[in-house]
Amino acid sequence: MGETRVDLLHLLEDLRDAYPGSIEETIVTEIVANALDSGATRIVVRTDPAASTLTVVDDGIGMQKAQLARYHDVAASTKTRGKGIGFAGVGIKLGLLICDEVFTETRQTSRSVATTWRLSSKRRAPWKWTEPVGLVAAHGTAVRLKVQHGLSPLVDSDFIRRVLAGQFLPLFDPTFDSILSTQYAHAVRFEVNDDELTRTVIPGDTAAIAVRLPRKRKPSASGYMIRAPSLPEHQQGMAVSTFGKVIKRGWDWLGITPADPTTIGGVIEAPALSECLTLNKADFIRSGSHGATYLAYRKAIQEAVSNQFAEWGASRDQRERDQRRAARPVERDLEKVLIDLADEFPLLATLVERRTGGQRRLPIGIANEDATHRLPVGGPEAAPDDAPDRTRADTEPPTSTPEQIREPEPPAITAPRPATKGPTRPTKYRLNIRFQERPSDPELARLIESTVWINESHPAYRRSITTRAAPYHIALSTAMALSRLAVEPAQEHDFITAFLACWGTEKKLRR
């Protein structure tokens, strides 16, 4: 007879890595999710740092003895798609990785049964029947984890509260009672160390959101959006939940972003999305019929959220228009700065478009040399975009035939007439200032082509907005971005100093 041997340790580690959060957060979330699936209306959590234990007791339907025996099979699950948010008792099974012992007591009829379970080696996880200790009263299930380390977050009551409030936010907000009434006839109560967690409406500037699918009269999902000058990190972004469990949070999954992502958040509860959950109930399926359902909901949520952005004036298009309006005075100052610095740093001339009649010229060679030896600042590359291409031979004095000498010179290299009076045509500034979010980029700005992209996710930029120092930040960021074009790395400090000095002078004169 052959034997199949499974590396349980490796299997459990792979299961742990399938979840985005920490293993402690996953354990708590999955234990509570399975309690909710069992119909629990009261979930009690107790932490004991001295004994290094975490105990979770619910008043659900409990399990029979045969069900409890099968519960220890790592590959077994009685879950049905769309009927719950827990996954195969994974919270208990992952507990084997960081616990010395997992004790489970359950009661469905008049008698309680209990087991202990542990991971003894890479391939063995023995369990045995044991005497109940009376954790369950009438019916339900109790789990007690004895963690290996006394400093584990699992024995920290504040950690438990944060996980519950973050992962099951709709269950703590009466706003969602109506849409969750089909799943939970009564509000679910949570207790941590004999302290019942309060259910309150999130304070702040909120707006109700109703999500309607095509050809549906009633909303298929509902929730709210909230805005504030600065939201806590755990409230930023839109969250989508099903049966009260938050599945996704942030802006990336939704595909749209407000003008300032740190000031807007919200939650959308969509019970029907429970059918679209992946096997581990930590994400949504994106293929097949269930994937089509999820994408339909996602599109409807996008439309509802975008409409609220527009109502609040928080859409990115409006933000970009406001930024462009605020950047125009700075651009006018930087226009003069580039012109003034082009003599000292010729490469900057490539960012200035010079027109006929308004060009500044840099003499090359002897002062009284023929005008055909004079070039625009920055060389031929400083000519307008529509000027004809010229090689070095095109700029040399004619020496071959009279016909070639009599050919008209290109407008970009014709010397201005000394007798002409009146103001010259203004030089056109070609450098553009734009804004984009790059949270992981430590640079203040970057130069791409002829555009300086200001990193609006940088803490310094956000501070400049609140302190009304945005013009200086833009000027400094532009100087740092241009320094790599204008000079060698060893001279970047001198260039930035000269740039800011010139900008300060121009700004003072304009005032």
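Start at 1 with the first residue, then count along the sequence.
Atom OG of S157 sits about 11.5 Å away from atom CG of D194, to the nearest 0.5 Å. Atom CG of residue L8 and atom OG of residue S121 lie 8.0 Å apart, to the nearest 0.5 angstrom. Here CZ of R462 is found 11.0 Å from NE2 of H473. Values are rounded to the nearest 0.5 Å. To the nearest 0.5 Å, the span separating CG on D7 from CG on L11 amounts to 8.0 Å. Between the CZ atom in F435 and the OG atom in S457 there is a gap of 12.5 Å [rounded to 0.5 Å]. Rounded to the nearest 0.5 angstrom, L273 CG and R298 CZ are separated by 12.0 Å.
Electrostatic pairing of D158 and R161 counts as a salt bridge here, judged by a charged N lying under 4.0 Å from a carboxylate O. Note on D100 versus R118: no salt bridge recorded, every NZ/NE/NH1/NH2 to OD/OE distance being 4.0 Å or above. Salt-bridge check for R434 with E456: failed, with every basic side-chain N at 4.0 Å or more from each acidic carboxylate O. With respect to R446 and D441, a salt bridge is recorded, a charged nitrogen being found less than 4.0 Å from a carboxylate O.
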Q: Please test I433 against T478 for side chain to side chain contact (heavy atoms under 4.5 Å, CB included), starting from the C-alpha separation and ending with a verdict.
A: CA-CA 8 Å; I433 305 296; T478 302; 3.7 Å; yes

Q: Might you work through the salt bridge (charged side-chain N to carboxylate O under 4.0 Å, His left out) test for E443 and R484, ending with a clear yes or no?
A: CA-CA 13 Å; E443 296 290 339; R484 298 180 179 179; 3.3 Å; yes

Q | Criterion side chain to side chain contact (heavy atoms under 4.5 Å, CB included) on L169 and R249, from CA distance to verdict | A | CA-CA 12 Å; L169 177 60; R249 178 180 286 279; 3.9 Å; yes

**Q.** Residues I301, L254; criterion side chain to side chain contact (heavy atoms under 4.5 Å, CB included); working and verdict
**A.** CA-CA 8 Å; I301 295 174; L254 191 57; 3.7 Å; yes

Q: List the steps, then state whether side chain to side chain contact (heavy atoms under 4.5 Å, CB included) holds for R189 with E196.
A: CA-CA 7 Å; R189 295 182 298 152; E196 183 171 350; 3.3 Å; yes

Q: Report the C-alpha separation of T104 and Y71 in whole Å, then their side-chain angles, then the decisive distance to 0.1 Å, and conclude whether the side-chain hydrogen bond (donor to acceptor under 3.5 Å, both in side chains) test is met.
A: CA-CA 10 Å; T104 306; Y71 154 88; 3.2 Å; yes

Q: Determine, step by step, whether R42 and D58 satisfy the salt bridge (charged side-chain N to carboxylate O under 4.0 Å, His left out) criterion, reporting the C-alpha distance in whole Å, the side-chain angles of both residues, the deciding distance to 0.1 Å, and the verdict.
A: CA-CA 6 Å; R42 180 170 177 261; D58 67 67; over 6 Å; no

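No donor-acceptor pair closer than 3.5 Å links the side chain of T130 to the backbone N or O of A114. Judged by distance alone, the side chain of S152 and the main-chain N or O of V155 form no donor-acceptor pair under 3.5 Å. Between the side chain of Y184 and the backbone N or O of F243, at least one donor-acceptor pair lies under 3.5 Å. Counting only distance, with no hydrogens or angles, the side chain of S287 and the backbone of G291 share no donor-acceptor pair below 3.5 Å. Within the 3.5 Å criterion, the main-chain N or O of L68 finds a donor-acceptor partner in the side chain of H72. Side-chain atoms of T242 come within 3.5 Å of backbone N or O of S274 as a donor-acceptor pair. A distance-only check finds no donor-acceptor pair linking the side chain of H139 to the backbone of T109 [under 3.5 Å]. Counting only distance, with no hydrogens or angles, the side chain of E105 and the backbone of A142 share no donor-acceptor pair below 3.5 Å. Distance alone, capped at 3.5 Å, is enough to place a donor-acceptor pair between the Q67 side chain and the Q64 backbone. Side-chain atoms of S483 come within 3.5 Å of backbone N or O of M480 as a donor-acceptor pair.
Ring pair W251/F309 is tilted by interplanar angle, where 30° to 60° counts as tilted. Note on ring orientation: taking the six-membered ring where Trp is involved, the planes of W127 and W129 are perpendicular (angle over 60°, cut-offs 30° and 60°).
Heavy atoms only, all atoms of each residue included: G140 and T106 are closest at O-OG1, 3.2 Å. The minimum heavy-atom distance linking A210 with R212 is given by the pair CB-NH1, 3.7 Å. Heavy-atom minimum distance, T278 versus A282: OG1-N, 3.7 Å. In this structure, V102 and V143 approach most closely via the heavy-atom pair CG1-CG1, 4.5 Å. The shortest non-hydrogen separation linking W253 to A239 is CZ2-C, 4.5 Å. Shown here for A475 and F499, the closest heavy-atom pair between the two residues is O-CE2, 3.7 Å.
In this structure, R107 and V113 have side chains that are not in contact, with every pair of non-hydrogen atoms separated by 4.5 Å or more. Residues I285 and L277 are not in side-chain contact: their nearest non-hydrogen atoms beyond the backbone lie 4.5 Å or more apart. In this structure the side chain of F176 never reaches within 4.5 angstrom of the side chain of L171, judged on heavy atoms. At least one side-chain heavy atom of P170 sits under 4.5 Å from a side-chain heavy atom of L180. The shortest side-chain heavy-atom distance between P489 and E492 falls under the 4.5 Å cut-off. Under the 4.5 Å side-chain criterion, counting only non-hydrogen atoms from C-beta, V305 is in contact with M225. Side-chain atoms of L36 and F168, non-hydrogen and from C-beta on, do get closer than 4.5 Å to each other. For the pair V192/L197, a side-chain contact is recorded, criterion being any heavy-atom separation below 4.5 Å from C-beta on.
A side-chain donor from one of R438 and Q436 sits under 3.5 Å from a side-chain acceptor of the other. Checked by atom type, the side-chain pair T200/D173 shows no donor-acceptor distance below 3.5 Å. Using modelled atom types, one finds a donor on one side chain and an acceptor on the other under 3.5 Å when comparing D59 with T41. For the residue pair S464 and Y472, no side-chain donor N or O sits within less than 3.5 Å of a side-chain acceptor on the partner. Side-chain contact check for E269 and S241: at least one donor-acceptor pair (N or O, by modelled atom type) lies under 3.5 Å. Side-chain contact, R144 with T55: a donor N or O sits under 3.5 Å from an acceptor N or O. Under the 3.5 Å distance criterion, with hydrogens and angles disregarded, no donor-acceptor pair is assigned to the side chains of S52 and H149.
The neighbour count for R46 CZ, taken as heavy atoms of other residues, nucleotides or ligands under 6.0 Å away, does not exceed 12. No more than 12 heavy atoms of other residues, nucleotides or ligands sit less than 6.0 Å from atom CZ of R463.
Ring centroid separation for the pair F284 and Y297 does not come in under the 6.0 Å cut-off.
Partners of D48 according to the salt bridge (charged side-chain N to carboxylate O under 4.0 Å, His left out) rule, which considers only residues two or more places apart in sequence or in another chain, do not exist here.
Stacking of K93 on the aromatic ring of W117 is not recorded, the 6.0 Å distance cut-off and the 45° axial limit not both being met.
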